Amino acid sequence: MEIKTIATAAFEGQKPGTSGLRKKVEVFQQPHYLANFVQSVFDALSDKEGKTLVVGGDGRFFNREAAQIIIKMAAANGFGKVILGKSGLMSTPAVSCVIRKYNAFGGIVLSASHNPGGPGHDFGIKYNVSNGGPAPEKVTDAIYENTTKITEYKILDVADAQIDEIGFSKVGDMELQVIDPVKDYAELMQKLFDFDLIKALFKKGKFTMRFDAMNAITGPYAKYILEDLLGAAKGTVVNGEPKPDFGGLHPDPNLVYAKELVDYMFGDEGADFGAASDGDGDRNMILGKKFYVNPSDSIAVLSNEFWNAPGYNRGLAGVARSMPTSSALDRVAADHGITCYEVPTGWKFFGNLMDANKVTLCGEESFGTGSSHVREKDGLWAVLFWLNIIATRCASVEDIVKTHWNKFGRNYYSRHDYEAVDSKIAADVMKDLESKFDSLKGQKLGSYEVKLADNFSYKDSVDGSVSKNQGLRIIFSDSSRIIFRTSGTGTEGATIRIYVEKYEPNPTKQNADPQDALKELIDIAEELSELKKRSHRDGPTVIT
Ligand code: G1P
Ligand code: ZN
């Protein structure tokens, strides 16, 4: 068994973004491109000799080829074992679960999450550390540094490994274990939620659900858990077969890209409960009958209703949200006498807080919800949590959310994305906006008064690391906010996200369309940034 050392040269731009390295498939298909990155990951890890690496992906185009390259490189780089989801498939939360369960050294996730897949679209790779979560910045910085200096990589010269049968085999001296990607994850879910209660909810026959897996990785997980274990009617899971191009869908569970589900749920024949997840299964969208749950509200509701679920009914250590996520969660935390941490965008910032047992539940406005059961956000987990609440409360999704607003007030919330903006224009818009900040404080903008305008920077309370430039915040005296951020996951030009939030305590004023309730703030955002004008757009590409 020959270990080959292949000469290579650095590729530009292999810097991991918000969630790993994402590029067009064609970029990854260039000879050595993926191998360079994988070697740079391995070189950033000390003590990996003889250790276990978990590998899984969301099944998108190039997943199989990438899995084979990684297996051969892991063997050549001294790993003792690779645990691989059958056919190279595993959802992102399941990879996290498997890393933790088998005390693996780390894992590699092959996914570009919610970005479209197939030729002409996106592929991605991300390294997760032994707590099951995305590598922290000091590791991703070291990986990036390696990519800029790489001159060779190591790979075993063997035929492709057998990855389609569950069981053990050898790749050189390394063991390869192919596992059922669903089993360990499903077992964990059964420990956290009251499956008997949810089963009874479906058994009554009146409660109906639709889960849209968007032709992505969650299909097999959802079918097994919802239909086989919980007894939801066959056909509850739609678009349930993972496809390399997601059947042409853009696998992002939001009001725009999960339109088929949204139309169904808002139609007269819609189910009682609707949900969708993204390409790699870590995002979720929750819908009731003719009712949409904003993700910022979703994490607030789960945190208030934690006692419903057996895995959480002993209490929450604390909660956390990303900075742009609405402060609905802060209100719940204050009521429960626990801390709500505010971290930069990206799941990696929650890991330390969970490891230090400071946080149990956390969420992001970008359809990400999760807990310390793993170190990734978890789409199906959120769906099961909602089912558990519905089953205990015997209430509809709309009732649950409206009761919540009644008690805590409603944080009207919306995000406007301007995708694929010319990078130079985007950078100038952000720079010019920030340059106005010194003079903004105390200024009246329409009916709002600016309390604070800054560039968000975060100090991790566990390891003391500081992350700067995490988004431009304008906070008003009534706690309304406008936030501008440049996306770290896009693969074309730059994507600018504008997040707008306004608090409404009065229950009689909580039923407006968020776009109407937020109109003045949205206009102020344009006035301050001139983003629409300067990017020559009529409006945002996506509104959530
Ligand atoms: C986006 C979301 C962010 C999420 C990330 C990975 O990142 O905004 O909340 O953690 O995807 O799913 P962004 O493109 O904004 O950098
Ligand atoms: Zn995802």
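Numbers here simply count residues along the sequence, with the first being 1. None of these values were measured; they are calculated from a predicted model.
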| message | Consider salt bridge (Lys or Arg N to Asp or Glu O under 4.0 Å). Of Arg22, Lys24, Lys23, which one does Glu492 pass it with? | response | Lys24
| message | If I take atom NE2 from residue His114 and atom CZ from residue Phe367, how far apart are they, to the nearest 0.5 angstrom? | response | 10.5 Å
| If only atom types and distance count, is the side chain of Asn239 paired as donor or acceptor with the main-chain N or O of Met214 below 3.5 Å? | no
| remark: The reported gap from OG in Ser535 to CG in Asp422 (rounded to nearest 0.5 angstrom) is 9.5 Å
| said: Ser414 vs Gln515, test: side chain to side chain donor-acceptor pair (under 3.5 Å). Steps then yes/no. | reply: CA-CA 7 Å; Ser414 183; Gln515 300 310 316; 2.9 Å; yes
| Between Trp386 and Ser298, do the side chains contain an N or O donor and an N or O acceptor separated by less than 3.5 Å? | yes
| task | Quick one: sort the Tyr413 and Tyr499 rings into parallel, tilted or perpendicular, breaks at 30° and 60°. | result | tilted
| Modelled atom types, side-chain donor and acceptor of Thr92 and Asp282, under 3.5 Å | no
| field | Side-chain ion pair, Lys407 and Asp335, N-O less than 4.0 Å | value | yes
| request: Classify the ring geometry between Phe28 and Phe62 as parallel (under 30°), tilted (30 to 60°) or perpendicular (over 60°). | output: tilted
| field | Contact check, side chains of Ser447 and Glu520, non-hydrogen atoms, under 4.5 Å | value | yes
| query | Is there a donor in the side chain of Thr495 and an acceptor in the side chain of Ser487, or the other way round, less than 3.5 Å apart? | reply | no
| said: Is it the case that the side chains of Gln39 and Asp43 hold a donor-acceptor pair, with the cut-off being a distance below 3.5 Å and no angle test? | reply: yes
| query | So, do Asp212 and Met285 sit near enough that their side-chain heavy atoms are less than 4.5 Å apart? | reply | no
| message | I'd like to know if Arg481 and Glu501 make a salt bridge, using a cut-off of under 4.0 Å between side-chain N and carboxylate O. | response | yes
| Note: Glu398-Lys289 ion pair, threshold 4.0 Å (strictly below) | no
| query | Which is it for Thr151 and Thr8 under the side chain to side chain contact (heavy atoms under 4.5 Å, CB included) test, yes or no, and what are the steps along the way? | reply | CA-CA 5 Å; Thr151 55; Thr8 188; 5.7 Å; no
| task | State the CG-CG distance between Asn284 and Asp378, to the nearest 0.5 angstrom. | result | 8.5 Å
| Residues Asp432, Lys436: salt bridge by 4.0 Å N-O rule | no
| query | Are any non-hydrogen side-chain atoms of Val466 and Tyr458 less than 4.5 angstrom apart? | reply | no
| message | Taking Asp428 first and then Lys424, would you say they form a salt bridge - that is, a charged N and a carboxylate O separated by under 4.0 Å? | response | yes
| said: Before you tell me yes or no, could you show the steps for Asn36 and Thr147 under side chain to side chain contact (heavy atoms under 4.5 Å, CB included), namely the whole-Å CA-CA distance, both residues' side-chain angles and the distance that decides it to 0.1 Å? | reply: CA-CA 7 Å; Asn36 272 19; Thr147 67; over 6 Å; no
| said: Pair Lys402, Asn511 - check side chain to side chain contact (heavy atoms under 4.5 Å, CB included), show working. | reply: CA-CA 9 Å; Lys402 289 195 167 162; Asn511 290 313; 3.3 Å; yes
| field | Residue pairs passing the salt bridge (charged side-chain N to carboxylate O under 4.0 Å, His left out) test where at least one lies in residues 437-453, sequence neighbours excluded | value | none
| Quick one: CG on Asn254 to CG on Asp417, what's the gap to the nearest 0.5 Å? | 8.5 Å
| Distance only, no hydrogens: is a donor on one side chain within 3.5 Å (strictly under) of an acceptor on the other, for Ser326 and Asn411? | no
| said: How long is the straight-line distance from OG of Ser480 back to CD1 of Ile474, given to the nearest 0.5 Å? | reply: 12.0 Å
| query | Heavy-atom distance under 4.5 Å between the side chains of Asp478 and Tyr503, does that happen here? | reply | no
| When rounded to the nearest 0.5 angstrom, what is the spacing between NZ in Lys502 and CZ in Phe476? | 11.0 Å
| Is the shortest heavy-atom distance from the side chain of His250 to the side chain of Pro116 under 4.5 Å? | yes
| message | Give me each pair satisfying salt bridge (charged side-chain N to carboxylate O under 4.0 Å, His left out) with a member in residues 353-367, each pair once, sequence neighbours excluded. | response | Asp355-Arg375, Glu364-Lys377, Glu365-Arg415
| task | Mind running ring-ring contact (aromatic ring centres under 6.0 Å, His included) on Phe61 and His121 for me, showing each step along the way? | result | CA-CA 9 Å; Phe61 188 79; His121 293 298; over 10 Å; no
| field | Any Phe437 side-chain heavy atom under 4.5 Å of Leu472 side chain | value | yes
| task | Please examine the side chains of Tyr257 and Asp278, heavy atoms only from C-beta on, and report whether any two atoms are closer than 4.5 Å. | result | no
| message | Quick one about Glu376 and Asn128 (side-chain donor to acceptor, distance below 3.5 Å, no hydrogens or angles considered), yes or no? | response | yes
| request: Step by step, work out the side chain to side chain contact (heavy atoms under 4.5 Å, CB included) result for Val262 and Tyr264. | output: CA-CA 5 Å; Val262 174; Tyr264 169 74; over 6 Å; no
